[in-house]
*Asks:* 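My questions all concern the structure below.
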Amino acid sequence: QVQLVESGGGLVQAGGSLRLSCAASGLIFRFYAMGWFRRAPGKEREFVGGINRSDSTTYYADSVKGRFTISRDNAKNTVYLQMNSLKSEDTAVYYCAADFGGSATMTSSGVDHWGKGTLVTVSS
């Protein structure tokens with residue numbers, strides 16, 4: 001059974017930082033591109049960023065480029081999202097995503113497995 005378990009969410013002031021983690025189990029991690037999506041209150045789920053399976057190439061939404069960084073540790077079956085210079089508009093539930101055979105430019109329709117999400121609240 002595949003499980004993606006996010007952690008690291010919480011309340012932070014604008015301008016602050018958080019690091020989210022996603023621990024994967026029940027799958028061959030290195031075969032999956034990994035990504036992060038988010039859903040803000042009253043909005044649709046949107047792509048935040050992704051990382052390739054092997055060469056760790058990353059791709060980001062324009063709204064987070066230069067502030068967020070995705071990395072992965074294939075030995076620990078874990079993907080990370082480092083979030084800096086947080087803004088109130090980054091408030092959302094953040095979801096980890098796994099795309100078998102995919103790439104950093106993943107779309108929600110191509111995701112094979114989802115985590116349950118972790119809430120990030122940025123106070124202004």
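Keep in mind that this is a model prediction, so the values were computed, not measured.
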*Asks:* Between atom OH of Tyr80 and atom OG1 of Thr69, what is the distance when rounded to the nearest 0.5 Å?
*Replies:*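 Tyr80 atom OH to Thr69 atom OG1 measures 14.0 Å (nearest 0.5 Å).
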
*Asks:* Between Ser124 and Ser88, which heavy-atom pair has the shortest distance, and what is it?
*Replies:*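 Taking every non-hydrogen atom into account, CB-CB, 4.3 Å.
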
*Asks:* Which residues satisfy the side chain to side chain contact (heavy atoms under 4.5 Å, CB included) test with Thr57, sequence neighbours excluded?
*Replies:* Asn52, Asp55

*Asks:* Is there a side-chain contact between Glu6 and Tyr94 in this structure, where contact means two heavy atoms from C-beta onward sitting under 4.5 Å apart?
*Replies:*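 Heavy-atom side-chain distance check fails, nothing below 4.5 Å.
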
*Asks:* Find the distance between CG (Leu81) and CG (Leu18) and round it off to the nearest 0.5 Å.
*Replies:*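 One finds 9.5 Å between CG of Leu81 and CG of Leu18.
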
*Asks:* Can you find a heavy atom in the side chain of Met34 that is under 4.5 Å from one in the side chain of Leu4?
*Replies:*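 Result yes, sub-4.5 Å side-chain heavy-atom pair found.
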
*Asks:* Locate the shortest heavy-atom distance separating Gly117 from Val93; write the atom from each residue and the value.
*Replies:*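 Heavy atoms only, the tightest pair is CA-CG1, 3.8 Å.
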
*Asks:* Without swapping roles, check the side chain of Asn84 against the backbone of Ser17 for a donor-acceptor pair under 3.5 Å.
*Replies:*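 No, because the side chain of Asn84 does not come within donor-acceptor range (under 3.5 Å) of the backbone of Ser17.
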
*Asks:* Just wondering, are more than 12 heavy atoms of other shown residues or ligands nearer than 6.0 Å to NZ in Lys76?
*Replies:* no

*Asks:* Quick one: does Leu20's side chain get under 4.5 Å of Val120's, heavy atoms only?
*Replies:* yes

*Asks:* Same cluster for Met83 and Val79 if Ile/Leu/Val/Met/Phe/Trp/Tyr side chains link at under 4.5 Å?
*Replies:* yes

*Asks:* Pick out which of Phe68, Phe37, Tyr95 makes a ring-ring contact (aromatic ring centres under 6.0 Å, His included) with Phe47.
*Replies:*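 Of Phe68, Phe37, Tyr95, ring-ring contact (aromatic ring centres under 6.0 Å, His included) with Phe47 is met by Phe37 alone.
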
*Asks:* So, is the end of the Arg53 side chain (NZ or CZ) under 6.0 Å from the ring centre of Tyr32 and within 45° of the ring's axis?
*Replies:*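 Cation-pi check for Arg53 and Tyr32: fails.
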
*Asks:* Does a side-chain heavy-atom distance below 4.5 Å link Gln13 with Val122?
*Replies:* no

*Asks:* Report yes if some heavy atom in the side chain of Ser54 is under 4.5 Å from a heavy atom in the side chain of Arg30; otherwise report no.
*Replies:*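 A side-chain contact under 4.5 Å is absent here.
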
*Asks:* Rounded to the nearest 0.5 Å, how far apart are OG of Ser103 and CD1 of Ile51?
*Replies:* 12.0 Å

*Asks:* Considering only residues two or more places apart or on different chains, which pairs with a residue in residues 81-109 satisfy salt bridge (Lys or Arg N to Asp or Glu O under 4.0 Å)?
*Replies:*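 As it turns out, the salt bridge (Lys or Arg N to Asp or Glu O under 4.0 Å) pairs with a partner in residues 81-109, which skip direct neighbours, are Arg38-Asp90, Arg67-Asp90.
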
*Asks:* Flag yes if Val111 and Trp36 sit in one hydrophobic cluster, no otherwise; membership is Ile, Leu, Val, Met, Phe, Trp, Tyr, and two members link when side-chain heavy atoms are under 4.5 Å apart.
*Replies:* no

*Asks:* Without hydrogens or angle criteria, can the side chains of Thr78 and Asp73 be said to hold a donor-acceptor pair below 3.5 Å?
*Replies:*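 No - no donor-acceptor pair under 3.5 Å links their side chains.
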
*Asks:* Check for me, please, whether Leu27 and Phe100 land in the same ILVMFWY cluster - side-chain distances under 4.5 Å, paths through other members count.
*Replies:*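 Leu27 clusters together with Phe100.
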
*Asks:* About how many Å separate CZ of Arg39 and OG of Ser108, when rounded to the nearest 0.5 Å?
*Replies:* 9.5 Å

*Asks:* Is Arg72 close to Ser56 at the side-chain level, that is, under 4.5 Å between some pair of heavy atoms?
*Replies:*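 Yes; the side chains approach each other to less than 4.5 Å.
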
*Asks:* CD/Gln82 to OG/Ser71 distance, rounded to the nearest 0.5 angstrom?
*Replies:*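 With rounding to 0.5 Å, CD (Gln82) is 8.5 Å from OG (Ser71).
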
*Asks:* Working to the nearest 0.5 Å, report the span between OG1 of Thr91 and NZ of Lys43.
*Replies:* 10.5 Å

*Asks:* Is the closest side-chain heavy-atom distance between Ser25 and Val2 below 4.5 Å?
*Replies:* no

*Asks:* State plainly whether one hydrophobic cluster holds both Tyr59 and Ile70, where clusters connect Ile, Leu, Val, Met, Phe, Trp and Tyr through side-chain heavy atoms under 4.5 angstrom apart.
*Replies:*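 No, Tyr59 and Ile70 fall in different hydrophobic clusters.
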
*Asks:* Just wondering, do Trp114 and Cys96 contact through their side chains at under 4.5 Å, heavy atoms?
*Replies:* no

